[in-house]
K.L.:
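To start, I am sharing the structure in question, which I have written as C-alpha cells.
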Amino acid sequence: LKAWSLHSRRSPSRALALRCQASKMATEALEKEYAGMVDGLRASFASGKTQSLAWRRAQLEQIHKMFKENHEAITAAVRQDIGGSKLRGLGELQPASSADHALDHLDDWVQEKWVTGWIHRHYIRPEPKGVVFIIGTWNFPFNLSLGPLVPAIAAGNCVVVKPSELNQASAPLMASLINKYLDNDCVKVVQGAAPEITALLKQRWDHIFYTGNSAHGRGVMRAAAEHLTPVTLELGGKCPVIADETAQMDALVNRVSCVKWMNCGQICVAPDYVLVHESKADEFIDRAKAVVKQCYGEDPKASPEWGRILTENHVERVKKLIETSNGQIVCGGADGIDKGARYVPPTIIKQPSMDAPLMREEIFGPVLPVIPYKRLDDALSIAQKNDTPLAMYVYSQNAANIEKTLSTLPAGGSCVNSCMEHMLNEELPFGGKGSSGMGCYRGKFGFDEFCHRRTVLRKSTLPGFRGPFIPLPSAASPTPDFVYDIAVKMSIGVMPRGLKAQLRKKTVRRLGALTLLVFVASFFR
C-alpha cells in the first residue's frame with residue numbers, strides 16, 4: 001500500500017489505472033460470490049421446499065412475528081435515518097398486515113383456476129417463478145423492501161432482498177432480522193452499494209422487483225434484458241392535484257397537507273404540485289400555511305413531528321429547486337434550510353415558472369408549488385406536459401369534472417377527494433404506468449406478479465375422444481376443397497354481424513337467459 005501510495009503521487013494516471021483494476025477485481029469477486037449464492041437458492045427451489053404451502057405459511061407467520069416482536073427497534077432505526085415522531089414507525093408496519101392478508105387468502109390463491117370445458121378441461125395453474133431479486137429503497141425501508149417479500153414468499157419463490165445502503169440504521173437491522181426470522185436457505189439479504197448492486201444485477205434472476213427512481217429503473221431494465229428477466233418497476237413522477245371551483249376546502253387543505261408533509265414529502269405518491277382554480281387559490285394557500293403552523297409550530301425545525309431529509313446531498317438538491325423556482329415563496333423557503341441538520345422547512349411556492357426544474361423534476365421533498373388556473377382544460381394541459389405519474393388526485397364535487405380529469409390524465413392510481421389512500425387497500429393493485437413503472441403488487445395482485453400463470457389443457461382419453469383436435473389427412477382420400485369453406489365458416493362464424501351485435505347487449509342476453517329458464521321450467525312440469 002505504501003509503495004502504491006508513493007507511486008500514485010508520482011504518476012496520477014497510473015494510480016487511476018490501478019484503482020480501476022482493483023475495482024474490477026472486486027466486482028469480479030462479488031459476481032463469483034453472488035453466483036454461488038444464487039446457485040444455492042436455485043438448488044433450494046429445485047428441491048420443492050418453497051412450493052410447500054406449509055413452508056409458505058410458516059414464513060409468512062415469521063414475517064408477522066418479526067414485526068410484532070421488533071416494531072420498537074424498527075421504529076427507532078427509521079427515526080434515526082429519517083427523523084420524525086414515533087408515529088412515523090407505523091409507516092413501516094404494513095408488511096405485517098400484508099402477511100396476515102396473504103395467510104387469510106393463500107388457500108384460494110394457489111388453487112388451479114378452471115376456465116372452461118368438462119370432458120376436456122382448460123385451467124390456469126399458478127406456479128412460482130423461481131429465484132427473485134427485490135431491490136428496496138430508502139424512504140420507507142422496511143415497508144418497500146419487505147412489502148414485496150410477502151407476495152414473493154406467498155407465491156413460493158426463493159428471494160434475495162437488497163435494502164438501500166443509504167439507510168445506515170435500518171439496513172443492518174433489516175439484515176439481522178431476516179437472518180434471524182426467515183429460512184436462510186431460501187431467503188437471503190445482501191447489503192452494500194453500487195459494486196454490490198452491479199454484481200447482483202449481472203446474475204440471472206427469474207424476476208426483479210425494483211423500487212426507486214426512473215434513472216436507476218432504466219439501468220435495472222437494461223440488466224434484466226441481458227437474461228430476458230421480467231421486471232416490476234415501482235418508480236414515481238410528478239403527482240398532480242387538480243382542485244376545481246367546487247372542491248370542498250376542508251378536505252382539500254387537510255388531506256393534501258397530511259400526505260405532502262408526511263415523511264418530509266419523501267413519498268413516491270406525495271402531491272408534487274397543486275393546480276387550483278383561481279377562485280380558490282388564495283384561500284388554499286392561506287389555509288395550507290395555517291395548517292403548517294398548527295401542526296409544526298412557528299419553528300418546524302424544533303418540532304418533534306417534523307422529520308429530516310435523508311442526506312445532505314438531497315438537501316442541496318431540494319434547495320436548488322426552491323432557489324430556481326422563480327415563484328413567490330409564501331411559506332418556508334431556502335433561507336430556513338440547515339444542510340448539516342438535514343432540515344428543509346415545509347415550503348409553499350405560488351406560481352413558479354413552468355420551465356423551472358421545480359416543475360420538471362420530481363420534487364421528493366417538502367416543497368409544494370401552487371398554480372392557479374382559469375379553466376379546467378388549462379389545468380389538464382399543464383399536467384399533460386409531464387410524464388405519466390404514479391398517482392393523480394382530483395378534488396371536486398362536480399361529477400363531470402371528475403370524470404373528465406380521470407379520462408384525460410393517465411396515472412398509476414388515483415384518488416377522488418383524497419391523497420395516497422388508494423395504495424393502502426390490500427384488495428387493490430398498486431403500481432405505475434409508463435415512466436412511473438410497470439407491474440403492480442398488494443394482495444392477490446402481488447401474488448400474481450410473482451407467479452407464472454401456466455395454461456393447462458387436460459384432454460380426455462375416453463372412448464370416442466381419442467383422436468387429434470383436427471382430422472389426420474388420408475393418403476388414400478385427399479381432403480376436398482369444400483372442407484376449407486366449411487372450416488372458414490366454423491372459424492369466422494355465419495351469424496350476421498348486426499344480429500351478433502344485438503345479442504352482445506346485456507338486456508338481450510338477460511332476456512335470452514330468462515327465456516331459456518322459462519323453457520326448462522316448463523319442460524320439467
K.L.:
Any side-chain to backbone donor/acceptor pair from H277 onto S279? Under 3.5 Å, distance only.
P.N.:
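Yes; at least one donor-acceptor contact below 3.5 Å.
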
K.L.:
Might you point out which heavy atoms bring C415 and H422 nearest each other, and give the distance in Å?
P.N.:
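Shortest heavy-atom contact: SG-ND1, 3.3 Å.
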
K.L.:
Contact between R218 and M221 at the side-chain level, heavy atoms closer than 4.5 Å - yes or no?
P.N.:
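No, every pair of side-chain atoms sits at 4.5 Å or beyond.
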
K.L.:
Is the shortest heavy-atom distance from the side chain of S353 to the side chain of M359 under 4.5 Å?
P.N.:
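No, side chains not in contact.
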
K.L.:
With rounding to the nearest 0.5 angstrom, report the CG to CE distance, N326 to M354.
P.N.:
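Rounded to the nearest 0.5 Å, the CG-CE separation comes to 12.5 Å.
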
K.L.:
What I want to find out is whether K444 reaches D108 closely enough, with some N-O distance under 4.0 Å, to be called a salt bridge.
P.N.:
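Judged by the 4.0 Å cut-off on N to carboxylate O distance, K444 and D108 do not form a salt bridge.
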
K.L.:
Enter the distance from I134:CD1 to L144:CG here, rounded to the nearest 0.5 Å.
P.N.:
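Between atom CD1 of I134 and atom CG of L144 there are 11.5 Å.
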
K.L.:
Are F209 and I135 packed together at the side-chain level, in the sense that at least one heavy-atom pair is separated by less than 4.5 angstrom?
P.N.:
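No; the side chains remain at least 4.5 Å from each other.
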
K.L.:
So which heavy atom on P240 is nearest to which on P389, and how close?
P.N.:
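In terms of heavy atoms, the two residues are closest at CD-CG, 3.8 Å.
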
K.L.:
Do other residues, nucleotides or ligands put more than 12 heavy atoms under 6.0 Å from the NZ atom of K202?
P.N.:
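Not buried by this count: 12 neighbours or fewer within 6.0 Å.
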
K.L.:
Could you check whether any side-chain N or O of R121 sits under 3.5 Å from a backbone N or O of L457, counting only pairs where one atom can act as donor and the other as acceptor?
P.N.:
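The answer is no, because no donor-acceptor pair under 3.5 Å joins these two groups.
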
K.L.:
If only side-chain N and O atoms count, and only distance matters, is there a donor-acceptor pair under 3.5 Å linking D185 with S44?
P.N.:
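The answer is no; no qualifying pair exists.
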
K.L.:
Do the rings of F133 and W205 sit parallel, tilted or perpendicular, given the 30° and 60° boundaries?
P.N.:
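Ring orientation of F133 relative to W205: parallel.
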
K.L.:
Could you pull out the closest heavy-atom pair between T388 and S435, with the gap in Å?
P.N.:
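It is O-OG, 3.5 Å.
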
K.L.:
In Å and rounded to the nearest 0.5 Å, what is the CG to CZ distance from L380 to R375?
P.N.:
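L380 atom CG to R375 atom CZ measures 10.0 Å (nearest 0.5 Å).
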
K.L.:
Show me, pair by pair, the donor-acceptor contacts under 3.5 angstrom made by side chains of residues 424-431, not counting sequence neighbours?
P.N.:
unit_1: N425; atom_1: OD1; unit_2: E427; atom_2: N; d: 2.8
unit_1: E426; atom_1: OE1; unit_2: G443; atom_2: N; d: 3.0
unit_1: E426; atom_1: OE2; unit_2: S98; atom_2: OG; d: 2.5

K.L.:
Does any N or O in the side chain of S436 come within less than 3.5 Å of the main-chain N or O of K433, such that one atom is a donor and the other an acceptor?
P.N.:
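Answer holds: yes.
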
K.L.:
Do any N or O atoms from the side chain of R360 and from the backbone of D355 form a donor-acceptor pair under 3.5 angstrom?
P.N.:
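Yes.
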
K.L.:
Between E234 and G432, which heavy-atom pair has the shortest distance, and what is it?
P.N.:
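Minimum heavy-atom contact is OE1-N, 4.0 Å.
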
K.L.:
Without swapping roles, check the side chain of E92 against the backbone of F142 for a donor-acceptor pair under 3.5 Å.
P.N.:
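Present.
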
K.L.:
Do the side chain of S164 and the main chain of T137 share a donor and acceptor less than 3.5 angstrom apart?
P.N.:
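Judged by distance alone, no pair lies under 3.5 Å.
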
K.L.:
Search all heavy atoms of V150 against all heavy atoms of P95 and return the closest pair with its distance.
P.N.:
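Heavy atoms only, the tightest pair is CG2-O, 3.6 Å.
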
K.L.:
Indicate, with yes or no, if the rings of W118 and F465 have centres closer together than 6.0 Å.
P.N.:
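Here the rings of F465 and W118 have centres that are no less than 6.0 Å from each other.
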
K.L.:
I need the D107 CG to L53 CG distance, nearest 0.5 Å.
P.N.:
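If we round to the nearest 0.5 Å, D107:CG and L53:CG are 6.5 Å apart.
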
K.L.:
Hey, could you give me each pair passing salt bridge (Lys or Arg N to Asp or Glu O under 4.0 Å) that has a residue in residues 254-280? Not counting sequence neighbours.
P.N.:
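Of all non-adjacent pairs touching residues 254-280, those that pass salt bridge (Lys or Arg N to Asp or Glu O under 4.0 Å) are K238-D272, E278-K374.
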
K.L.:
Any Lys/Arg nitrogen of D206 or R42 sitting under 4.0 Å from an Asp/Glu carboxylate oxygen of the other?
P.N.:
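R42 and D206: salt-bridged.
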
K.L.:
To the nearest 0.5 Å, what is the distance between SG on C419 and CE on M392?
P.N.:
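Reported to 0.5 Å precision, the distance equals 11.0 Å.
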
K.L.:
Evaluate the side-chain contact (heavy atoms from CB on, under 4.5 Å) criterion for residues L201 and Q203: first the C-alpha distance (whole Å), next the side-chain angles of each, then the deciding distance (0.1 Å), finally the verdict.
P.N.:
CA-CA 5 Å; L201 285 172; Q203 308 304 314; over 6 Å; no

K.L.:
Under 30°, 30 to 60°, or over 60°: which ring-plane class applies to H105 and W109, parallel, tilted or perpendicular?
P.N.:
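Ring orientation, 0 to 90° scale: parallel.
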
K.L.:
Compute whether any side-chain donor of one residue and acceptor of the other, for H207 and K129, lie under 3.5 angstrom apart.
P.N.:
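Per modelled atom types, H207 and K129 side chains form a pair under 3.5 Å.
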
K.L.:
Please say whether more than 12 non-hydrogen atoms of neighbouring residues, nucleotides or ligands are located less than 6.0 Å from CG in D485.
P.N.:
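Result for CG/D485: enclosed.
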
K.L.:
Would you call F140 and I267 a side-chain contact if the rule is heavy atoms closer than 4.5 Å?
P.N.:
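With C-beta onward as the side chain, the pair touches.
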
K.L.:
Taking the side chain from S97 and the backbone from Q94, do they hold a donor-acceptor pair closer than 3.5 Å?
P.N.:
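Yes, S97 side chain to Q94 backbone: donor-acceptor pair under 3.5 Å.
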
K.L.:
State whether the side chain of R125 and the backbone N or O of R453 hold a donor-acceptor pair below 3.5 Å, judged by distance alone.
P.N.:
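Not confirmed, R125 side chain does not pair with R453 backbone.
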
K.L.:
Are M423 and R442 side-chain neighbours, meaning at least one heavy-atom pair lies under 4.5 Å?
P.N.:
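Contact flag for M423/R442 side chains = yes.
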
K.L.:
Using only atom types and a distance under 3.5 Å, with no angle test, would you say the side chain of R504 pairs donor to acceptor with the backbone of L499?
P.N.:
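Side chain of R504 to backbone of L499: no pair is present.
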
K.L.:
side-chain contact (heavy atoms from CB on, under 4.5 Å) between S145 and M174: does it pass, once the steps are laid out?
P.N.:
CA-CA 9 Å; S145 295; M174 189 187 308; 3.8 Å; yes

K.L.:
Can a salt bridge be assigned to the pair E283 and R287 using a cut-off of 4.0 Å between side-chain N and carboxylate O?
P.N.:
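A salt bridge links E283 with R287.
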
K.L.:
Does any N or O in the side chain of N401 come within less than 3.5 Å of the main-chain N or O of D244, such that one atom is a donor and the other an acceptor?
P.N.:
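Such a contact is absent between N401 side chain and D244 backbone.
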
K.L.:
Considering only heavy atoms from C-beta outward, does the side chain of V269 approach that of Y393 to under 4.5 Å?
P.N.:
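Yes, their side chains come closer than 4.5 Å.
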
K.L.:
Check this for me: does any side-chain nitrogen of one of D183 and K188 sit under 4.0 Å from a carboxylate oxygen of the other?
P.N.:
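So D183 does not pair with K188 through a salt bridge.
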
K.L.:
Atom CG of L149 and atom CG of L60: how far apart are they, to the nearest 0.5 Å?
P.N.:
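With rounding to 0.5 Å, CG (L149) is 8.5 Å from CG (L60).
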
K.L.:
Can you name the nearest heavy-atom pair linking N157 to T50, along with the distance?
P.N.:
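Heavy atoms of N157 and T50 come nearest at O-CG2, 4.1 Å.
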
